[in-house]
Asks: 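Handing you a structure now.
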Amino acid sequence: MIRLDAVTMTYPAGSRPALRDVTLRIDAGEFVFLVGPSGSGKSTLLRLLLREERATSGLVALDGVDLAAIPDRRVPLLRRTIGCVFQDFRLLPDRTVAGNVAFALDVVGRPRHVVRTVVPEVLGLVGLAGKENRYPDELSGGEQQRVAVARAMVGRPRVLLADEPTGNLDPATSEGIMRLLDAVNRTGTTVVMATHNAALVDARRRRVVELADGVCVRDEQRGAYDGED
Ligand code: ADP
Ligand code: ADP
């Protein structure tokens with residue numbers, strides 16, 4: 001599903017590679033925590049999968065498609081097959097809760113009657129029934145992140161990428177968001193989540209991939225946040 005072969009990525013302005021010789025394979029349906037200190041390359045790895053960046057060398061492939069080979073005009077099409085959740089929510093401030101989620105379906109051309117039924121369904125799933133017509137600035141951080149998760153999952157993406165999705169949330173709220181991502185994963189969506197939240201990782205013992213200085217230093221099937229050594 002996701003494949004990186006000997007991937008090195010150096011930003012034009014960067015002196016050292018942000019990722020160095022990273023080889024990684026993630027199967028369909030897996031849940032992977034991506035851990036490592038700030039600056040270790042976690043976001044860069046996620047950006048490569050979104051084709052926001054291209055690898056300097058090596059192969060990045062999604063579903064057998066070499067992302068470097070996708071022409072720029074087809075990149076939006078690629079991104080529509082990937083759900084994204086970020087630390088800072090990134091909602092459209094001038095659209096309601098329902099409008100934010102509907103937008104994700106509108107851009108992929110779903111008919112209005114589908115949008116009308118699917119949006120309330122998804123908002124119910126994430127616990128936001130009754131808040132359809134609020135604006136993002138009328139919601140708590142945790143609620144805003146629920147909208148972001150709803151928007152990421154509504155198109156039933158095969159892959160969901162989350163970059164520090166609980167970074168701005170308190171522990172109880174973080175656990176709620178984590179449970180939503182678990183639920184998305186149980187529907188078969190592959191989830192890759194970059195995180196600094198040790199409690200969430202340790203409570204689950206899922207696959208953990210650790211980066212340090214752009215190098216993959218650990219890949220454990222039932223990992224904890226901190227490695228053994
Ligand atoms: P993380 O997500 O683990 O905090 P990043 O992938 O953001 O790490 O960063 C990895 C390295 O790449 C860091 O050294 C960072 O300073 C550098 N970096 C990130 N974005 C850029 C950029 N746009 N230009 C130059 N260097 C960058
Ligand atoms: P906004 O003010 O957020 O832009 P709009 O009324 O323009 O909201 O609607 C944008 C999209 O959101 C439309 O496609 C519409 O079908 C959908 N939408 C708006 N409100 C609801 C709702 N309560 N339930 C389901 N879909 C909604």
Side-chain angles (χ1 to χ4, degrees), residues 1-26 30-62 66-68 70 72 75-76 78-79 82-91 141 144-145 148-149 152 157 159-171 174 177-178 181 184-185 190-202 204 206-220 223-229:
M1 158 113 266
I2 293 173
R3 183 172 154 198
L4 280 78
D5 272 342
V7 168
T8 292
M9 155 73 201
T10 306
Y11 287 98
S15 46
R16 316 182 292 139
L19 290 176
R20 255 189 299 164
D21 199 27
V22 173
T23 293
L24 183 65
R25 219 156 283 240
I26 298 174
E30 277 197 89
F31 193 116
V32 180
F33 286 118
L34 197 55
V35 306
S38 289
S40 58
K42 303 182 296 296
S43 301
T44 300
L45 196 157
L46 299 180
R47 272 187 231 129
L48 287 172
L49 294 173
L50 284 167
R51 245 296 294 274
E52 287 180 15
E53 304 289 347
R54 275 187 224 240
T56 310
S57 63
L59 171 79
V60 181
L62 193 62
D66 174 0
L67 298 192
I70 297 182
D72 287 345
V75 167
L78 162 78
R79 295 196 186 136
I82 302 174
C84 284
V85 180
F86 301 95
Q87 177 171 358
D88 56 0
F89 319 138
R90 301 196 193 176
L91 302 177
Q144 289 184 55
Q145 195 64 301
V149 173
V159 183
L160 191 149
L161 305 178
D163 197 352
E164 305 259 10
T166 67
N168 285 334
L169 306 175
D170 63 56
S174 297
I177 292 297
M178 188 66 222
L181 297 176
V184 174
N185 177 241
T190 308
V191 179
V192 183
M193 169 172 162
T195 187
H196 283 128
N197 193 318
L200 293 183
V201 175
D202 291 345
R204 283 171 176 79
R206 295 252 183 72
R207 183 169 172 195
V208 173
V209 171
E210 180 176 346
L211 297 176
D213 275 332
V215 176
C216 180
V217 294
R218 180 162 64 106
D219 185 351
E220 288 179 324
Y225 184 77
D226 289 306
E228 299 303 311
D229 40 20

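Counting convention: from 1, in listed order, for ligands and their atoms alike.
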Asks: With a 4.0 Å cut-off, would you call Asp213 and Arg16 a salt bridge?
Replies: yes
Asks: Could you please provide the protein residues found below 4.0 Å of ligand 1 on a heavy-atom basis, arranged by chain and number?
Replies: Tyr11, Ala18, Pro37, Ser38, Gly39, Ser40, Gly41, Lys42, Ser43, Thr44, Arg47
Asks: Who are the side chain to side chain donor-acceptor pair (under 3.5 Å) partners of Asp66, not counting sequence neighbours?
Replies: none
Asks: Looking at residues at least two apart in the chain, or sitting in another chain, which of them share a side chain to side chain donor-acceptor pair (under 3.5 Å) with Gln87?
Replies: Asn168
Asks: Does this structure show an ion pair linking Asp72 with Arg54, if we count only N-O contacts that are shorter than 4.0 Å?
Replies: yes
Asks: Less than 3.5 Å apart, any donor N or O on the side chain of Tyr11 or Thr44 sitting next to an acceptor on the other?
Replies: yes
Asks: Tell me, please, which residues at least two apart from Asn185 pass side chain to side chain donor-acceptor pair (under 3.5 Å).
Replies: none
